[in-house]
Amino acid sequence: MRAHPAGPAHGDLIHPAAAAAPPDDLSELHPAVWPATAERIDGVVHLGGMDVRDLVAEHGSPLYLLDQADLAARARTFREAFAGADVYYAGKAFLSVGFARWVASEGLGLDVCSGGELGIALRADFPTDRIAMHGNNKSDAELRRAVAERVGCVVLDSYVEIVRLADIAAAAGIRQKVMIRTTVGVEAHTHEFIATAHEDQKFGFSLSSGGAAEAVRRVLALPSLELVGLHSHIGSQIFDTAGFEVAAKRVVQLLADIRAEHDVELTELDLGGGLGVAYTVDDDPAQLHRFAADLRTIVAYECGRHGLRLPRLVVEPGRALVGPAGITIYEVGTVKPVQLDAGAVRHFVSVDGGMSDNIRTALYDAAYTCVLASRGSDAEPMLARVVGKHCESGDIVVKDAWLPSDLEPGDLLAIAGTGAYCRSMASNYNQVPRPPVVSVGGGQSKVLLRRETEDDLLRLDAG
Ligand SMILES: *Cc1c(COP(=O)(O)O)cnc(C)c1O
């Protein structure tokens, strides 16, 4: 596994490499992978009732699209599956002012982990009592702002921060609600998890070494902090509840220890995010209602064993809420056949974006599904690699893609599952302006984030 800027707990497993046989139908938009309203009309991909060629004509290429209907259905499913629990959307997956407003209107909470994310939430008038502030190195300024804005909860990550926040809250005359982030010694990605005795990573307080119990002692001794619960986040792109089961067992043990030592029953248990999505038809994430039911059963069982009152459950989906609702459209610039050792030919298909708008393939060897979007084709499949326009040979969007062999410059490609961790991790590498994010529904499009321009880039340049 390679490094991730947000820590190893956020990486994905490296995907098995080789391309399998070509799919039977190159033009299929499989419902497990594509957003709800994705369809072909006369061969052309439509999303939200709009022709992708028209969308590109209006908004340019590359282009991130979000399917409003798909998003609404996902939010509803989360609300229903986790009824009685709190669902906090992890804003790092994708955030804009308009999107934050939508999250609020759906009755969800919001996780932020920087001053910038908090600033967007505030600009959106997000109800601050439904905001949780995360991060392993929140600055004084970020903490002061969070306290002053009456953020609902700050998730504490270090001893230094406990004192820092207590002083800031005391100075503001506020009793700040907090949770303690625990490191449960479980690391989960896709369908595998590892439970280790000690945890070699930067987030949270270790359970096994007693660090979390000590953090509880220190917080309970500080009158400006109100400890409401424990937090655990074990990874991302997880397909089942096995890792959560071990995590819940360990965190609930600490709840029981806290009651024994302090005669306090904490009322909230936050099991973080991490629910996986299907990037390709080979991915098989748990069905959400099932996943939620399993999680509840696990927590209820563990609390029952210790005779603890059932705490309020909190979950923090990022990817699973927004990822599958988004697609990226690119225009093909060149198609270059390259002879492979085995005599096979791979066609390098260069598109007008790449690692600046989707770093996940370069960073984690992520797998994506890709189709020709601007027309139908009956041509034979060709083994392709969809690459970007950046000055890196690792600038790959889709490592192994089967595309029609009549693909040519000017064709549009659509990549599924790019709603999460694409625009939010985008860069200006090679001084490429970042693409816009446009939401589509009912035959209409709405710009959430406009396209960057060269002027935007130069605005930061002191000359
Ligand atoms: C990243 C993160 C999430 C969301 O993770 P997903 O895999 O996108 O669901 C939730 N909680 C915390 C604390 C995180 O860091």
Side-chain angles (χ1 to χ4, degrees), residues 1 4-13 71 74-75 77-78 81-82 85-95 99 103 108-114 117-118 130-138 151-158 161 178-184 186-191 193 201-205 229-241 243-244 247 251 268-279 283 285-286 288 291-292 295 313-326 360 363-364 366 417-425:
M1 191 183 312
H4 181 291
H10 300 270
D12 300 335
L13 269 194
L71 276 171
R74 276 171 202 286
T77 309
F78 265 105
F82 287 99
D86 287 328
V87 179
Y88 275 57
Y89 166 64
K92 69 180 190 223
F94 171 71
L95 200 59
F99 197 80
V103 172
L108 308 179
L110 182 68
D111 273 2
V112 298
C113 58
S114 70
E117 289 179 4
L118 178 58
R130 280 196 270 143
I131 296 177
M133 180 89 182
H134 285 265
N136 67 302
N137 185 18
K138 310 172 197 77
V151 157
C153 184
V154 174
V155 182
L156 293 167
D157 200 282
S158 67
E161 186 178 69
V178 297
M179 281 198 218
I180 288 174
R181 177 155 179 171
T182 63
T183 310
V184 295
V186 172
E187 198 172 301
H189 310 284
T190 69
H191 36 71
F193 77 92
Q201 55 109 345
K202 71 175 184 173
F203 290 107
F205 297 94
L230 300 179
H231 178 281
S232 152
H233 173 72
I234 58 172
S236 204
Q237 185 62 355
I238 303 167
F239 286 178
D240 58 39
T241 43
F244 289 98
V251 182
E268 290 185 33
L269 181 60
D270 188 332
L271 288 179
L275 184 62
V277 304
Y279 287 104
D283 291 332
L288 192 55
F291 184 84
L295 223 52
L313 188 63
V314 185
V315 290
E316 305 173 316
R319 188 191 313 271
L321 189 74
V322 68
R360 292 188 65 260
L363 197 56
Y364 317 123
T418 59
Y421 304 113
C422 286
R423 179 57 176 78
S424 69
M425 296 175 96

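Order of listing sets the numbers, starting from 1, for every ligand and every atom in it. Quick note: residue numbers are just sequence positions, from 1.
Where the criterion is an N or O separation shorter than 3.5 Å, residue side chain and backbone included, Arg181 fails it with respect to ligand 1. In terms of polar-atom proximity, defined here as any N/O pair under 3.5 Å, Gly274 does make such a contact with ligand 1. Ligand 1 has a nitrogen or oxygen under 3.5 angstrom from a nitrogen or oxygen of Lys92. Residue contacts with ligand 1: Gly318 is placed with a nitrogen or oxygen under 3.5 Å of a nitrogen or oxygen of the ligand (distance criterion only).
For ligand 1, the atoms closer than 4.0 angstrom to any heavy atom of Asp111 are 11 (N). Interface of His231 with ligand 1, defined as ligand atoms under 4.0 Å from a residue heavy atom, comprises 13 (C). Less than 4.0 angstrom separates some heavy atom of Ser236 from each of these atoms of ligand 1: 6 (P), 7 (O). Taking a cut-off of under 4.0 Å to the non-hydrogen atoms of His134, the atoms of ligand 1 that pass are 13 (C). Near Gly273, with a cut-off below 4.0 Å to any heavy atom, the atoms of ligand 1 are 9 (O), 10 (C), 11 (N). Here is the list of ligand 1 atoms found below 4.0 Å of a heavy atom in Ala90: 3 (C), 4 (C), 10 (C).
Residue contacts with ligand 1, taken as heavy atom pairs separated by less than 4.0 Å, involve Arg319 via backbone and side-chain atoms alike. Residue contacts with ligand 1 for Glu316 involve both N, CA, C or O and side-chain atoms from C-beta outward (heavy atoms, distance under 4.0 Å). With a heavy-atom cut-off of 4.0 Å, Val155 does not touch ligand 1 at all.
Here the CD-CG distance, from Glu316 to Leu110, works out to 10.5 Å after rounding to the nearest 0.5 Å. One finds the CG atom of Leu269 at 12.0 Å from the CG atom of Asp86 (value rounded to the nearest 0.5 Å).
At a 4.0 Å cut-off, at least one heavy atom of Tyr421 sits close enough to ligand 1 to count as contact. Within the 4.0 Å heavy-atom shell around ligand 1 one does not find Ala93.
Using a cut-off of 4.0 Å between Lys/Arg side-chain N and Asp/Glu carboxylate O, Lys92 and Glu117 are scored as not salt-bridged.
A cation-pi contact, defined as under 6.0 Å to the ring centre and within 45° of the axis, links Arg181 to Phe203.
The two residues Gly135 and Glu161 make their nearest non-hydrogen contact at O-OE2, 4.1 Å. For the pair Ala420 and Val322, the tightest heavy-atom approach, listed with the atom from each and the gap, is CB-CG1, 3.7 Å.
Between Gln237 and Val277, the closest side-chain pair of non-hydrogen atoms falls below 4.5 Å. Contact check for Phe193 versus Ile238: no side-chain heavy atoms found under the 4.5 Å cut-off.
Aromatic pair His231/His134: centroids less than 6.0 angstrom apart.
Between Leu275 and the options Leu295, Leu321, Thr241, Leu288, a side chain to side chain contact (heavy atoms under 4.5 Å, CB included) holds for only Leu288.
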